[in-house]
Amino acid sequence: MARMRMNQAIAAAIADEMRENPDVVVFGEDVAVAEGPFKTSDGLLAEFGPLRVRDTPIAEMGFMGAAVGAAATGLRPVTEIMFVEFLGVALDQLVTEAAKFSYLSGGVVKVPMVMRASVGAGLGFGCQHSQVMESWMVGAPGLKIVMISGPHNAYGLTRAAIRDDNPVAVLEPRILYAVRGDVTTGPEGIIPLGQAATPVSGDDITLVGCGSTVRTALGAAGDAEGWTADVIDLQTLQPWDTEAVLDSVRRTGRLAVVEECPYSGGWGADIVSTVVAEAFGDLSAPPIRITAPDVHVPFGKELEQRYLPNPEYVAGQVGELLATGESPPHWWERDGALV
Amino acid sequence: MARMRMNQAIAAAIADEMRENPDVVVFGEDVAVAEGPFKTSDGLLAEFGPLRVRDTPIAEMGFMGAAVGAAATGLRPVTEIMFVEFLGVALDQLVTEAAKFSYLSGGVVKVPMVMRASVGAGLGFGCQHSQVMESWMVGAPGLKIVMISGPHNAYGLTRAAIRDDNPVAVLEPRILYAVRGDVTTGPEGIIPLGQAATPVSGDDITLVGCGSTVRTALGAAGDAEGWTADVIDLQTLQPWDTEAVLDSVRRTGRLAVVEECPYSGGWGADIVSTVVAEAFGDLSAPPIRITAPDVHVPFGKELEQRYLPNPEYVAGQVGELLATGESPPHWWERDGALV
Amino acid sequence: MSSDVLARREAVRSDRTARYERMVEIRTLEDAVRGLFAEGLVHGTTHTCQGQEAVAVGVASALRPTDTVCCTYRGHGHAMALGMTPLQVCGEIMGRVVGSIGGVGGSMHLCDTSIGLLPTFAIVGAGVPVAAGAALTAQVRGTDDVAVSLFGDGAANIGAFHEGINLAAIWKLPAIFICENNQYGEYSPIATTTPIANIADRAGSYGIPGEVVDGQDVDAVNAAVEAAAARARAGDGPSLLEMKTYRYAGHSRSDTAPYRPEGEFDEWYERDPIATFGARLVAEGLLAESDVDAIAARISGEVDAAIDEVKAAASPGVASMFENILA
Amino acid sequence: MSSDVLARREAVRSDRTARYERMVEIRTLEDAVRGLFAEGLVHGTTHTCQGQEAVAVGVASALRPTDTVCCTYRGHGHAMALGMTPLQVCGEIMGRVVGSIGGVGGSMHLCDTSIGLLPTFAIVGAGVPVAAGAALTAQVRGTDDVAVSLFGDGAANIGAFHEGINLAAIWKLPAIFICENNQYGEYSPIATTTPIANIADRAGSYGIPGEVVDGQDVDAVNAAVEAAAARARAGDGPSLLEMKTYRYAGHSRSDTAPYRPEGEFDEWYERDPIATFGARLVAEGLLAESDVDAIAARISGEVDAAIDEVKAAASPGVASMFENILA
Ligand SMILES: Cc1ncc(C[n+]2csc(CCOP(=O)(O)OP(=O)(O)O)c2C)c(N)n1
Ligand SMILES: Cc1ncc(C[n+]2csc(CCOP(=O)(O)OP(=O)(O)O)c2C)c(N)n1
Ligand SMILES: [Mg+2]
Ligand SMILES: [Mg+2]
């Protein structure tokens with residue numbers, strides 16, 4: 001157990017995997033000499049040298065493709081997409097190549113690569129550097145998607161992702177890099193992919209979060225008056241832990257999914273659609289989604305904070321759901337919201 | 001009114017817009033001299049000449065970016081992505097540039113471009129040339145998405161897309177290019193974006209399709225015994241016609257969305273999550289999704305047909321839903337399905 | 001605003017002294033911007049262009065307001081060179097309604113189509129094919145406008161660079177591709193990412209002219225862009241110009257550039273584009289020695305006043321988040 | 001199967017007569033494949049390589065089975081040159097369990113890692129950076145294997161080409177980038193999409209050797225690839241080779257190549273790679289005149305037999321759709 005910031009936990013996870021397995025290599029823009037734009041590869045170049053830790057040209061398609069080729073021939077590359085939006089120039093390699101190689105080789109070729117990317121709003125980076133963009137990857141069979149929610153699972157999920165024989169996208173909420181927490185290091189700290197965590201248990205509703213919204217959901221549940229919640233951190237978004245969510249919803253009868261993304265196309269819709277199909281009879285209220293609006297991430301500090309769902313808003317929506325048994329309007333649908 | 005194949009309807013729509021507006025230009029791979037790999041630009045080069053109708057190098061990022069620049073400075077480019085998967089090398093220009101230019105110019109810059117792409121399975125093109133991939137675009141504020149379901153709306157929606165001042169992605173099910181139908185040409189044939197059509201009305205369930213699955217849903221409803229359905233063709237997937245769907249579901253009390261995509265990440269999840277939020281109390285059964293499984297599109301003819309939802313399967317699922325009031329298992333979840 | 005902006009644009013087009021003043025203005029604002037961030041008055045990040053002012057002003061001086069410019073996140077200098085006011089630039093950086101796009105974009109996102117500036121690009125390389133598209137508009141409409149893409153040395157390794165220039169070359173579009181080689185892409189020196197010494201040599205891959213230009217000499221930049229623009233306007237197609245320059249500050253807000261070799265900065269600073277050009281104007285008799293300090297003092301005052309105005313301006317309201325999503 | 005495949009691989013590596021035979025085999029199978037499609041016996045599309053056999057066999061003859069090859073959808077010839085049997089290739093094309101990947105991929109998707117063939121790429125350019133990655137494996141592990149990327153003339157205009165080669169160059173990876181310039185990208189002649197005559201000249205953008213090779217001469221292809229491979233294995237980095245060749249058939253199944261100028265095909269056919277090489281072997285005394293027909297007849301029989309075996313083979317069952325999605 002060690003106390004560290006989330007970016008340190010990521011660097012520690014990579015370093016531990018590199019120590020155990022000489023096939024693990026790291027590359028990306030400014031990840032070597034500068035130790036990562038977000039310091040997530042602190043110390044790696046010094047310890048593992050320039051053969052295994054490399055800076056790349058600004059060429060996401062190029063180095064993502066190189067990761068595919070390296071992984072297909074025996075290495076376990078860990079690459080970094082500095083801001084997830086940059087996948088827009090490289091998505092082909094992840095979704096159309098890496099994720100299909102197992103299938104397209106009759107199961108012979110494995111592509112054990114990790115694509116780490118920083119995601120999310122809250123730091124004033126503007127609308128081309130603040131999104132989560134998991135919708136680009138959800139629905140790509142053959143690809144796993146992990147979303148980090150803090151130092152602890154940053155370590156555990158990153159190690160598991162590197163050990164996985166499939167291509168894994170690891171999405172790291174940028175706003176959490178500087179957050180400190182207790183981390184179980186070493187083999188016991190590894191967190192299996194595909195399993196949700198339930199940091200808080202309760203009775204009245206199931207709050208599902210992933211990535212940055214776990215903190216939001218926990219905040220809402222923590223301050224709640226008059227109700228208690230199961231707070232589920234999906235951890236792995238693809239494949240997500242259907243059992244954990246269904247078990248909880250069957251007990252609580254209510255579901256709220258908290259997402260950082262715009263309402264349209266968000267991952268929560270998948271959760272809701274599966275839950276209504278599988279547990280309709282157990283529902284005592286409509287499952288709701290608490291998301292950002294269908295707009296670009298604005299720049300100004302207050303606007304950006306308004307854009308993101310926060311604990312008070314989540315608590316308010318849940319309270320209203322419990323009180324009325326109906327889906328409450330989103331904040332932007334309420335009278336006077338826009339003045 | 002004229003009888004034509006869907007690819008002819010597309011070419012006719014583009015030609016009519018080009019005749020009316022000298023700013024409309026067309027480019028893409030082999031769209032000029034060869035008149036399009038799927039003959040969707042038949043006659044355009046001959047009529048409008050090489051200044052306005054151009055073949056491009058194989059460079060989707062390049063020509064999609066050129067469309068953005070041309071549209072931002074006054075033209076109305078219509079570009080073709082031969083198979084939608086190729087957007088994986090060019091998504092940045094559509095989602096991160098074109099869709100944000102209005103916002104990033106304080107509303108001054110319009111980007112009236114159309115990105116047409118052929119989509120879908122059924123023709124034996126293998127797993128990198130058979131997907132629909134609308135999930136790459138849904139959830140991108142600033143972008144409209146249209147899905148064609150036959151010759152008639154191919155004409156009407158294509159014209160509307162070219163006239164729209166926003167970037168519009170028009171997804172054309174490849175398997176329908178050769179289908180013939182009656183098309184209302186001329187200005188009356190233009191179909192406004194954002195409006196669903198309801199080709200068939202009924203009482204027991206709302207069947208929502210889009211693109212290729214409209215035909216599937218119509219087939220299911222046509223042969224149905226013991227139940228009748230509203231069949232809704234969304235036509236525009238973003239923004240989708242919430243009113244039309246909600247109005248229908250409020251009346252029928254049941255919803256089945258028919259999608260060509262894998263279950264995870266499909267657009268139907270958005271429909272379901274909105275419907276349960278807005279019309280929970282009106283539902284007499286769980287809304288269900290009828291989709292392809294979470295696998296790559298297989299090659300073999302029988303496999304590929306098995307992969308796609310077909311009318312019999314849809315009818316079966318709906319029948320079971322009506323009979324049991326519960327969400328029926330997907331075909332691949334049933335005993336013996338995989339032998 | 002717009003007539004002010006156009007007058008400022010005209011000034012750098014016609015008057016070398018105005019070019020000098022604009023370079024001073026850019027430097028002054030950029031220094032102030034770094035200060036604002038250092039004081040914690042702005043959130044987010046910023047990419048300033050101290051040391052590269054001759055490129056910005058040299059390019060703008062050779063273009064018309066009807067030409068189109070696609071520029072990067074390192075765009076404050078270019079925007080001002082093209083005519084944008086310190087108020088608009090700083091207003092956007094600080095997220096106020098007086099900003100270029102009303103304060104919803106931030107430092108990386110400026111735009112003013114009255115001077116040909118499309119929304120600046122925060123994605124490396126993205127502006128290259130977009131400029132080709134703007135040039136296509138000129139070609140289709142038969143105007144003699146040109147489109148310019150400005151990008152960094154690091155951007156020369158990304159696919160969009162290759163695809164955009166190739167497309168412009170095969171279609172003989174009136175475009176000018178200008179690489180501002182400031183020696184670094186983020187924290188990486190160009191030699192670690194690019195296996196050749198001159199990006200301009202990549203012109204050979206597209207059968208177009210490529211030229212290395214002294215990016216610290218505003219006259220040289222002006223001349224090279226004038227020539228490329230003339231070529232483009234005459235229908236002879238695109239060019240690739242490489243401006244050798246240097247970024248005085250770190251890559252972005254938080255970067256102190258610890259990776260720079262000892263002495264490198266000093267060497268470049270000796271050829272500071274503003275000092276050099278000032279001295280030349282004095283030698284030519286276009287400026288008096290005393291003008292140099294007077295100009296600096298005046299502009300410093302103007303920039304301070306603009307910043308004060310920004311500080312007093314409102315932030316955009318919640319409604320702005322929902323505006324301009326669709327046209 | 002695998003030992004058979006390796007023996008076939010070894011044959012083209014060591015024996016020029018075997019190279020000739022393999023070229024004949026490729027031509028024979030490709031002709032048969034087009035026939036199968038024409039008869040409506042296969043669904044989907046196919047891209048055959050008649051006319052380009054010398055490239056396929058010349059490349060394979062210069063590589064080791066531990067080298068990695070990234071090839072395109074136009075891959076039947078390369079796969080067979082590397083050792084894959086007509087049964088595996090045709091089985092995949094026809095979607096039967098005897099196919100290279102069990103019949104779930106189709107014509108564009110072959111793979112056999114025992115001979116170094118990664119899944120072939122149906123996305124233009126995608127294999128270029130992937131080959132760089134395979135070369136990275138060799139470099140990190142300190143083997144002297146090389147990785148080869150095969151792509152078309154049309155692919156030289158896509159971003160992945162630029163990014164992949166630049167990365168290999170800056171890291172000095174043991175890679176060989178081989179452009180099969182068959183004069184067309186789909187229906188577009190190269191001159192309409194590419195503003196320079198020789199793709200090999202693009203090597204200059206990356207500071208690596210570039211060479212134009214006669215792609216109709218299997219010996220010349222072998223020699224050029226041998227040299228590039230030696231360079232790569234010695235740690236001297238990547239090369240770009242351009243094989244000038246010609247696609248006899250249309251781009252894909254449905255294309256009859258109406259866009260070809262009169263006489264172009266005939267000109268190339270005069271230098272048919274199989275006929276030329278056969279004549280050379282006869283002149284050198286390695287083949288008797290009579291061998292030429294005998295070989296053709298024997299291989300025709302073998303290919304027919306393979307196709308019959310495929311026709312008799314099972315199609316993959318529904319379960320196969322769900323297999324190998326995750327490792
Ligand atoms: C596609 C993409 N990849 C990476 C980045 C992150 N990034 C922003 S600026 C920059 C360096 C660009 O260097 P250069 O092109 O030389 O321009 P300069 O910043 O020196 O002006 C990088 C890597 C980005 N914005 N877009
Ligand atoms: C990214 C992408 N764009 C377009 C296509 C469609 N396409 C398939 S093959 C081809 C032509 C490729 O030409 P070339 O590279 O010369 O190879 P050749 O087919 O001649 O072997 C095109 C455009 C594709 N598969 N991938
Ligand atoms: Mg730079
Ligand atoms: Mg070709």
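Throughout, a chain's letter reflects where its sequence line sits, starting with A, and its residues are numbered from 1. The figures that follow rest on heavy atoms only: side chains count, while hydrogens, waters and symmetry mates do not.
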Visitor: Of all of D/Gly152, D/Gly105, D/Ala155, which one pairs up most often with chain B through heavy atoms under 4.5 Å apart?
Guide: D/Gly105
Visitor: Heavy-atom distance under 4.5 Å between the side chains of B/Leu303 and D/Pro316, does that happen here?
Guide: yes
Visitor: Are side-chain heavy atoms of B/Val33 and D/Tyr187 found at a separation under 4.5 Å?
Guide: no
Visitor: With chain B as the partner, which of D/Thr45, D/Val42, D/Asp255 has the greatest number of non-hydrogen pairs under 4.5 Å?
Guide: D/Thr45
Visitor: Non-hydrogen atoms of chain D under 4.5 Å away: do they reach the side chain of B/Ala337, the backbone, both or neither?
Guide: backbone
Visitor: Please state whether the side chain, the backbone, both or neither of D/Val104 comes within less than 4.5 Å of a heavy atom of chain B.
Guide: both
Visitor: Do B/Trp331 and D/Val318 have side chains that get closer than 4.5 Å, going by heavy atoms?
Guide: yes
Visitor: Name the region of D/Ser320, side chain, backbone, both or neither, that has any atom closer than 4.5 Å to a heavy atom of chain B.
Guide: side chain
Visitor: So which of D/Ala319, D/Gly95, D/Pro258 has the largest heavy-atom pair count under 4.5 angstrom toward chain B?
Guide: D/Ala319
Visitor: At a heavy-atom distance under 4.5 Å, which candidate from B/Arg306, B/Met61, B/His129 has the highest pair count against chain D?
Guide: B/His129
Visitor: For the residue pair D/Phe322 and B/Trp332, does the interplanar ring angle fall in the parallel (under 30°), tilted (30 to 60°) or perpendicular (over 60°) class?
Guide: tilted
Visitor: Looking at CG of D/Asn157 and CZ of B/Phe63, how far apart are the two atoms once the value is rounded to the nearest 0.5 Å?
Guide: 12.0 Å
Visitor: Any idea which of B/Glu29, B/His296, B/Gln128, B/Glu85 has the most non-hydrogen atom pairs under 4.5 angstrom with chain D?
Guide: B/Gln128
Visitor: Which answer fits D/Ile101, side chain, backbone, both or neither, if we ask what part of it has an atom under 4.5 Å from a heavy atom of chain B?
Guide: neither
Visitor: Side chain from CB out, backbone as N, CA, C, O: work out which of these in D/Glu323 comes under 4.5 Å of a heavy atom of chain B, or both, or neither.
Guide: neither
Visitor: Indicate the atoms forming the closest heavy-atom contact of B/Cys127 with D/His109, along with that distance.
Guide: N-NE2, 4.3 Å
Visitor: Does B/Asp335 CG have over 12 foreign heavy atoms under 6.0 Å away?
Guide: no
Visitor: Between D/Met108 and chain B, which part of the residue has a heavy atom less than 4.5 Å away: side chain, backbone, both or neither?
Guide: side chain
Visitor: With a 4.5 angstrom heavy-atom cut-off, is it the side chain or the backbone of B/Thr56 that approaches chain D, or both, or neither?
Guide: backbone
Visitor: Select one option (side chain, backbone, both, neither) describing which atoms of B/Tyr307 are under 4.5 Å from chain D's heavy atoms.
Guide: both
Visitor: Hey, could you give me the OG1/CG distance between D/Thr193 and B/Asp55, rounded to the nearest 0.5 Å?
Guide: 9.5 Å
Visitor: For B/Lys301, does the NZ atom sit with more than 12 other heavy atoms under 6.0 Å from it, leaving out its own atoms?
Guide: no
Visitor: Against chain D, work out which of B/Val297, B/Asp30, B/Asp294, B/Ile58 has the most heavy-atom pairs shorter than 4.5 Å and name it.
Guide: B/Asp30
Visitor: Answer yes or no: does atom CD of B/Glu302 have more than 12 heavy-atom neighbours from other residues, nucleotides or ligands under 6.0 Å?
Guide: no
Visitor: Look at the side chain of D/His43 and the backbone N and O of B/Phe299, then say whether any donor-acceptor pair between them is shorter than 3.5 Å.
Guide: yes
Visitor: Could you tell me which of D/Ser252, D/Gly317, D/Gly103, D/Ser188 has the largest number of non-hydrogen atom pairs under 4.5 Å with chain B?
Guide: D/Ser188
Visitor: Answer with side chain, backbone, both or neither: which region of D/Phe161 has an atom nearer than 4.5 Å to a non-hydrogen atom of chain B?
Guide: neither
